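Shown next, in structure tokens, is the structure this report addresses.
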Amino acid sequence: MADDKAPAADAAAADAVAEPEIEEETLFDAPERGSADELLDAGAHDELDAMRHSTAHVMAEAVLDLYPGTQLGIGPAIADGFYYDFKLDRPLTPADLAKIEARMAASIAADHPFVRRELPPEEGRAFFEERAQPFKVEILDDLAAKAKASGSPMPPTSIYEHGPFVDLCKGPHVASTGKVGPFKLLAVSGAYWRGDQTRPALQRIYGTVWPTQEELDAYLWRRAEAKKRDHRRLGVQLDLYSFHDVSPGSAFWHPKGQLLWRTLEAAMRELQARNGYDEVSTPILVSHRVWQQSGHWDHYRDNMFILDIEGQPFSLKPMNCPESTFIYRSRLRSYRDLPLRYAEFGRLHRNELSGALSGLTRVRQFIQDDAHIYVRPDQLQDEITGLLGMIRESYGWFGLEPRYTFATRPDDAIGDPALWDRAEAYIKGALDAAGVPYRVLPKDGTFYAPKIDIYIDDALGREWQLATIQADLTMLPERFDLTYIDEEGKPQRPIAIHRAIYGSLERFIGILVEHFAGAFPLWVAPVQAVVIPIADRHVDAARELVGVLAGRGLRAEVDDSSNRMQYKIRTAQEQKVPYMVVLGDREVEAREGTLRRRGAAKDEPQVTLGWDALADRLAAESERRTVA
RNA sequence: GCCGACAUAGCUCAGCGGUAGAGCAGCUGUUUCGUAAACAGCAGGUCCGCAGUUCGAAUCUGCGUGUCGGCUCCA
């Protein structure tokens, strides 16, 4: 299954990165999701977070002042900023944000100190009752219930005051509103109280705040840059893919996009072949009996597309793993057969909520570079070591630096704890042997497997999870009764490794487009070189040169339009083609071409080479699979 | 799925009750040019769909579809 998770934007990314440098005072246990503790914990785990959270208070002050009667939800610090949830009578508009910003600036200029006060619990509750803040009252009631349940006394109600504004809050805060740095309100959106659809709908205002103007500007620049690089936009501009309402959540791949896809796929196939993989392909449309056996029918059915076929329920596969076992079981396996490595570029369908669909990163159908590897327990560590090597090599093709997390046995794990311990020891051994830094996420494994997740940061510093390696002890091996015959002729259970390296090809391509802003390295670029004849009389030679380049496996085109050379260069630049080869009288005469690099500076010296030398040079660079 | 916004030419957008517009791209012609936009002309639209209000709807209303920002979900 090798499931790739799309980190749900900033929130999840923040979760993943939040490893605060801790001082005893601000040390928090991760509160339970949706708990009153979590609602109180404003995410202020260091000084910057404290400032962000304080800015949320200042914003709440402004909103309360401008729109009396507003009910306050919660207002934590998040990655890059903060938000606050409000219950208001009418929807907020961008014009409102400007007004709120102005009011905030006034509060900051007034430099109100933040004052912490503690009230006895009953008084605290009455305090927020009086101020008609039912959400705050609810948080306090929850805390009281929790205290009662655990037999501990209800702690005092801590409130923070600054100027006219008071909020229920655990803190900490900066000393005064004047310590709030340069900020900007970014967006308003909807959110439910406690993330629960059945609870009141609130309006959430997002903002960002930084210690210095330079940092704020840099952040806003990154946001603007991210928008410019948006793969949905660049995909149209570079003619790679498009989306159409006849198939929401699925891309239509244009010739250049498909070329890009095939290039990535071919590289992975080549890597897999070098590492002892076999490739398989299993049906997309499968009886529900498979999913009953795997457990998906009970746990994942809502995400599956189910069809009625002659009265029998079938489904489009959301994962490849269960079907891979049919190939494993198609004959008796010996201990000598293992490891068996089955790669599958399988097309998967998952019924994502319509509101969650987005470009290539959140789709309803996609293809994973999936594999299922069946090993003996004693082979697990070496296999994982090998996988870490493959990941490092392939990410290197794109200049990406992998980072690792190791998630261990959760409380609801199935299977023999002793086996878990062994598997975890092997994974740890492999990670240590690889000499890579990694973070342990205790109890964060899937219920059937400890796992390694691999993350990268893109060119704009955004974190993405790509690869995953899961050591499945029970789901495939036991539910599908997989065995191999050992040296003594006895049946034994193999371990199944689920892994993906790119993850979903769709998502990977979306990330690459944004990472490179569409300017792919030579080996990836769908069109690697455009040959530019200066005048019509050079077109025949240009075509001939394209033939020479194609003969060396390069993807090249001629621009034989009637435009001037300048215009052709501009077009090639806009299409982010890595190389242009200019042909004029001088070059045609000598069977040469003048090489122009994408993005070349005006005064950059250019080389003129003979056709074969040119082809050699580009082919060598392309075959190296490096970023330029 | 839920909350909010949006949907006009291939693309980016203007028009917001009275005959549908621009730039780029496209096509045709002229130009044959040395490193990021030659010149001229032509063509291009179920103004997302369906209903309604109105003498008249791209424009107002309702429903549907899709997209975007979030929420939610993520074996």
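Computed from a predicted structure; not experimentally measured. Every chain is numbered from 1 and lettered A, B, ... according to where its sequence line falls, protein lines coming before strand lines. Heavy atoms only: backbone and side chains are in, while hydrogens, waters and symmetry mates are out.
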5′-ward residue of the pair A:His299/A:Ile534 relative to RNA chain B: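 Checking each residue's closest nucleotide, the 5'-ward one belongs to A:Ile534.
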
Residue closer to the 5' end of RNA chain B, A:Gly295 versus A:Val246 (nearest nucleotide):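 Residue closer to the 5' terminus by nearest nucleotide: A:Val246.
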
Mind checking whether A:Tyr84 and A:Phe86 have ring centres under 6.0 Å apart?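 Centroid separation for A:Tyr84 and A:Phe86: below 6.0 Å.
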
Identity of whatever pairs with [N] - Watson-Crick or G-U, under 3.5 angstrom:
{"N": "B:C42", "result": "B:G26"}
{"N": "B:A5", "result": "B:U67"}
{"N": "B:G18", "result": "B:C55"}

Can you see whether A:Asn320 engages A:Tyr342 through a side-chain donor-acceptor pair at a distance of less than 3.5 angstrom?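 Checked: A:Asn320/A:Tyr342 side chains show no N/O donor-acceptor pair below 3.5 Å.
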
Look at the rings of [X] and [Y] and say which category their plane angle falls in: under 30° parallel, 30 to 60° tilted, over 60° perpendicular.
{"X": "A:His372", "Y": "A:His498", "answer": "perpendicular"}
{"X": "A:Tyr241", "Y": "A:Trp253", "answer": "perpendicular"}
{"X": "A:His349", "Y": "A:Phe305", "answer": "perpendicular"}

NA contact type, [X], heavy-atom cut-off 4.0 Å: base, sugar-phosphate, or nothing?
{"X": "A:Thr594", "value": "base"}
{"X": "A:Phe447", "value": "base"}
{"X": "A:Glu587", "value": "base"}
{"X": "A:Lys568", "value": "nothing"}
{"X": "A:Gly195", "value": "sugar-phosphate"}
{"X": "A:Arg204", "value": "sugar-phosphate"}
{"X": "A:Arg537", "value": "sugar-phosphate"}
{"X": "A:Leu202", "value": "nothing"}
{"X": "A:Gln606", "value": "base"}
{"X": "A:Thr446", "value": "nothing"}
{"X": "A:Ala356", "value": "base"}
{"X": "A:Gly359", "value": "sugar-phosphate"}
{"X": "A:Asp585", "value": "base"}

Between [M] and [N] - [atom1] atom distance, rounded Å:
{"N": "B:G66", "M": "B:C60", "atom1": "P", "value": "23 Å"}
{"N": "B:C47", "M": "B:G10", "atom1": "P", "value": "12 Å"}
{"N": "B:G70", "M": "B:U19", "atom1": "P", "value": "40 Å"}
{"N": "B:C39", "M": "B:U46", "atom1": "C1'", "value": "36 Å"}
{"N": "B:G15", "M": "B:G21", "atom1": "P", "value": "15 Å"}

Specify the separation, in whole Å, of atom [atom1] of [X] and atom [atom2] of [N].
{"X": "A:Tyr83", "N": "B:C71", "atom1": "OH", "atom2": "C1'", "answer": "10 Å"}
{"X": "A:Gln575", "N": "B:A25", "atom1": "CD", "atom2": "P", "answer": "13 Å"}
{"X": "A:Leu476", "N": "B:A75", "atom1": "CG", "atom2": "P", "answer": "16 Å"}
{"X": "A:Asp302", "N": "B:C73", "atom1": "CG", "atom2": "C1'", "answer": "10 Å"}
{"X": "A:Asp559", "N": "B:U32", "atom1": "CG", "atom2": "P", "answer": "18 Å"}
{"X": "A:Asp230", "N": "B:U67", "atom1": "CG", "atom2": "P", "answer": "14 Å"}
{"X": "A:Arg362", "N": "B:G70", "atom1": "CZ", "atom2": "P", "answer": "14 Å"}
{"X": "A:Leu186", "N": "B:G4", "atom1": "CG", "atom2": "C1'", "answer": "17 Å"}

For the pair A:Asp80 and A:Arg223, find out whether any cationic side-chain nitrogen is under 4.0 Å from an anionic carboxylate oxygen.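 Judged by the 4.0 Å cut-off on N to carboxylate O distance, A:Asp80 and A:Arg223 do not form a salt bridge.
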
If the threshold is 4.0 Å, N to carboxylate O, is there a salt bridge linking A:Asp230 and A:Arg232?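 Between A:Arg232 and A:Asp230 there is a salt bridge, with a charged N closer than 4.0 Å to a carboxylate O.
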
Answer yes or no: are there more than 12 heavy-atom neighbours, outside A:Arg199 itself, under 6.0 Å from its atom CZ?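 Yes.
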
Residues, nucleotides or ligands: over 12 heavy atoms within 6.0 Å of A:Glu604 CD: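 Above 12, so yes.
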
Distances for protein N/O vs nucleotides 37-43 of chain B N/O pairs under 3.5 angstrom?
unit_1	atom_1	unit_2	atom_2	d
B:A37	N7	A:Arg570	NH1	3.0
B:A37	N7	A:Arg570	NH2	3.4
B:A37	N6	A:Arg570	NH2	2.9
B:A37	N1	A:Arg570	NH2	3.0
B:A38	OP2	A:Arg564	NE	3.1
B:A38	OP2	A:Arg564	NH2	3.1

So do A:Arg507 and A:Phe366 actually touch side chain to side chain, heavy atoms under 4.5 Å?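 Of all side-chain heavy-atom pairs linking A:Arg507 with A:Phe366, none is under 4.5 Å.
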
Hey, what are the protein-to-nucleotides 6-13 of chain B N/O distances that come in under 3.5 Å?
none

Rounded at 0.5 Å granularity, tell me how far NE2 in A:His244 sits from CZ in A:Phe252.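 Taking NE2 in A:His244 and CZ in A:Phe252, the distance rounds to 5.5 Å.
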
